[in-house]
Amino acid sequence: MSLTEQRPSAVSAALAQDRLGVPSIVFFVISAAAPLMVVAGSVPTAYAVTGVIGVPLAFLLLGAVFSLFAVGYVTMARHVVNAGAFYAYAAQGLGRTQGVVTAWVALLAYNALQLGLYGIIGSAAEPLLLDWFGGSPPWWVIALVAWALTGLLGLLRVDINGRILSVLLVSEIAVVLLFDLGDLFGGARNGISFEGFNPGALFVPGVGAALATVVAGFAGIESSVVFAEESKDRHRTVPLATYLGIGVIAILYSISAWAQTVPTGPDGIVKAATEQGPALIFGQAGEHLGNGVATIGSVLFVTSSIACMIAFHNTTARYIFALGRENVLPSVFGRTSARTAAPIAGSVLQTVLGLIVITVYAVAGLDPVTKLFFTFGTFGGLGLLTLLTVTSISVIVFFSRDLREETAWRTRFAPALSIVALVVIIGLTLVNFDTVLGVAPDSPMRWILPAIYVVAVIFGVVWARVIKATRPEVYAGIGLGAQAAAGGPR
C-alpha cells in the first residue's frame, strides 16, 4: 500500500487554522492548571501530606524552573509546528524511535491527568447538593454528568471551547483573589507571617513530596504549543501565551497558598489542612466574607474541575490526532471533523476511556478522591516532569545540528539549566514518592507506578522498531506533522 493510500488527505488531517489568539490559548493553559481546584484541593493536600510550610515558595521555584524550560520550548516551536509537541520535538531532536517512546509516555501522563479528574468532581459538587437539596447522588452519577458534558464539548470547534473556558477561568481567578484578600485582611488577627517564603521552610525533609504535590498545578503550560497549528500568528502567540500562563500560575498559586496560612498562622496550617482538606478555603471565606461568597466559590470549584477536564480532553485528543496523522496510531485518529475541524476519533477515545474508568471505580467501590484523583494526578505529574526533561534534551540536540539563527541562551544554556533542575526534582520526587502517595515506605505502589513508565518506554521502542521494519515509509514521516500527512517534507 502506498504512503498516500495509508494516510488521510491533507484536508482531513488538518486542524482548524487561525482560530486561537493569545487570550484563548492562555485560557487553555491556565484552565488545565485549574486555579480554584489547585488552590482548594492541591494546596491543602500539600500542607497536610508533606507537613512542609514552604509551599508558597515551592510554587515560585517551580515557576522559575518552568520558565527556564519554556525558553528552549518556545524557540523550538518556531521551527517544529506539531500538535504532538513533546512527541514531535523528541522525534526531530533525538530520533524517530525516541519520538515514539515519548509519545507513549505522553499518552500515559495526559490520560492519567484527564481521567483522574473524574474522581474529584463528586467531592466538589456533593456539599452544594446537600446544602441545596438535602441529599446528593453517588459520586459516579455526578462524574457521568461531567463526563457527558466534556465529551460533547470535545466534538465542537476549538474556539468555542476557548470561549467557555474564558468565562469560567475569569470567574475562578476573581474568586480566588477575593478569597485571598479575605484571608489577608480578615484573618490577620495575629499579624502576617512570611514564613512560607523562607527557603528554610521548604528545604526540609519532605521537600520532594511538596514539589511533587504542587507540580501538577503547572500541568497545561505546555499546551500552548499543542494548539500552535490552530493559533493566529504562532511566532508571537505561542511564546507570549506560554510565559503569561507560567507567570499567572506561579504568582497566583504562591499568593493563595501563603494567604491560607494567614488565618491559622504558619504553625497551624498543617493541622487545619489535615482536618478540613478542600473545605479549608471555603470555611475561611465563609468566616471572613460571608456564606454567600463561600457558596459562589463552591460552585466555581465544580466548574473549575469541569474546565480542567475540557482543557485536558482537548490537549490529549490532539496528541492522539498527531499520532494518527502520522500512522503511529491507526489513521482514523488522524482525521478531523469536516464541520468543526476537531479531532473526532481522539476525542471519542477519551470519552470511552472516561466511561470505563468511572464504571470500574464505581463497581469496585474505590474511593474516588484518594484512589482516582490523587493517585492518577501524582502519576501524571511524574510523567509530565519526565516529558519536560526529554524535551529540553531534544532542544539542545536539535539545534546542535543547526542553530538556525537562534541564540546560544535559547538553544543550549537555558535548556541545560532546566534539565539539571528537572532531574533534581524528579530525584526528590522518587525519594519521597511514598509520602506523595500517602503509603508506607515499603509499599510496592511507590515503585509500581514509576515502573509503568519504564514499561511504556520499552513498549515504545518495540512499537517503533516494528513500524520501521514493516512500514518504513510511515517511520520516515514520524515527527513531521502536517508534512507527513501530505507525503513528507517539501
Side-chain angles (χ1 to χ4, degrees), residues 13 15-16 28-29 31-34 37 82-87 103-121 140 142-162 164-165 168 216 219-220 222-223 226-227 229-230 304-326 328-337 339-362 368 372-373 375-377 379-381 383-384 387 452 456:
L15 292 164
F28 272 107
V29 169
S31 292
M37 190 169 67
N82 194 313
F86 291 147
Y87 149 74
W104 287 110
V105 173
L107 286 176
L108 265 179
Y110 277 102
N111 273 292
L113 291 168
Q114 154 72 9
L115 299 174
L117 293 169
Y118 291 116
I120 193 65
I121 187 69
W140 54 268
I142 301 171
L144 284 175
V145 173
W147 163 82
L149 178 61
T150 303
L152 174 62
L153 291 174
L155 301 176
L156 300 181
R157 287 173 32 160
V158 68
D159 51 328
I160 294 176
N161 282 266
I164 293 171
L165 291 179
L168 297 178
E222 73 288 349
S223 60
V226 174
F227 291 97
E229 292 185 45
E230 299 160 276
S304 173
S305 303
I306 295 175
C308 190
M309 291 175 191
I310 294 169
F312 271 119
H313 183 99
N314 278 276
T315 300
T316 308
R318 278 154 181 78
Y319 263 96
I320 295 170
F321 162 82
L323 296 171
R325 176 169 59 183
E326 298 180 12
V328 176
L329 290 178
S331 60
V332 65
F333 292 110
R335 298 183 182 275
T336 55
S337 165
R339 185 172 59 87
T340 66
I344 295 296
S347 182
V348 171
L349 177 61
Q350 281 288 289
T351 303
V352 171
L353 290 175
L355 179 60
I356 292 172
V357 168
I358 293 170
T359 301
V360 168
Y361 271 73
L372 180 52
F373 171 68
T375 300
F376 274 48
F379 176 74
L384 175 61
L387 291 168
I452 293 175

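The model shown is predicted, which means the values in this text are computed figures rather than measured ones.
- The aromatic rings of Y319 and F86 sit tilted relative to each other, their planes meeting at an angle between 30° and 60°.
- In this structure, W104 and L329 approach most closely via the heavy-atom pair CH2-CD2, 4.0 Å.
- The two residues A143 and Y118 come nearest to each other via the heavy atoms CB-O, 3.6 Å.
- With values rounded to the nearest 0.5 angstrom, L115 atom CG is found 6.0 Å from Q350 atom CD.
- Going from atom CD1 of I121 over to atom CE of M37 covers 9.0 Å, rounded to the nearest 0.5 Å.
- Across all non-hydrogen atoms, the minimal contact from G346 to A317 is C-CB, 3.9 Å.
- Taking CG from L117 and OG1 from T150, the interatomic distance works out to 9.0 Å, rounded to the nearest 0.5 Å.
- The closest side-chain heavy-atom distance from V145 to L149 is not below 4.5 Å.
- Nearest heavy-atom pair, A103 versus Y87, reported as atom, atom and distance to 0.1 Å: CB-CD1, 3.6 Å.
- To the nearest 0.5 angstrom, H313 atom NE2 is 15.0 Å from L113 atom CG.
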Exercise. Could you check L355 against W147 for side chain to side chain contact (heavy atoms under 4.5 Å, CB included), going step by step and ending with a plain yes or no?
Key: CA-CA 7 Å; L355 179 60; W147 163 82; 3.7 Å; yes
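- Once rounded to the nearest 0.5 Å, the distance linking CD1 of I120 with OG of S305 reads 6.0 Å.
- Taking CD1 of I142 as the start and CD1 of I358 as the end, the distance is 11.5 Å to the nearest 0.5 Å.
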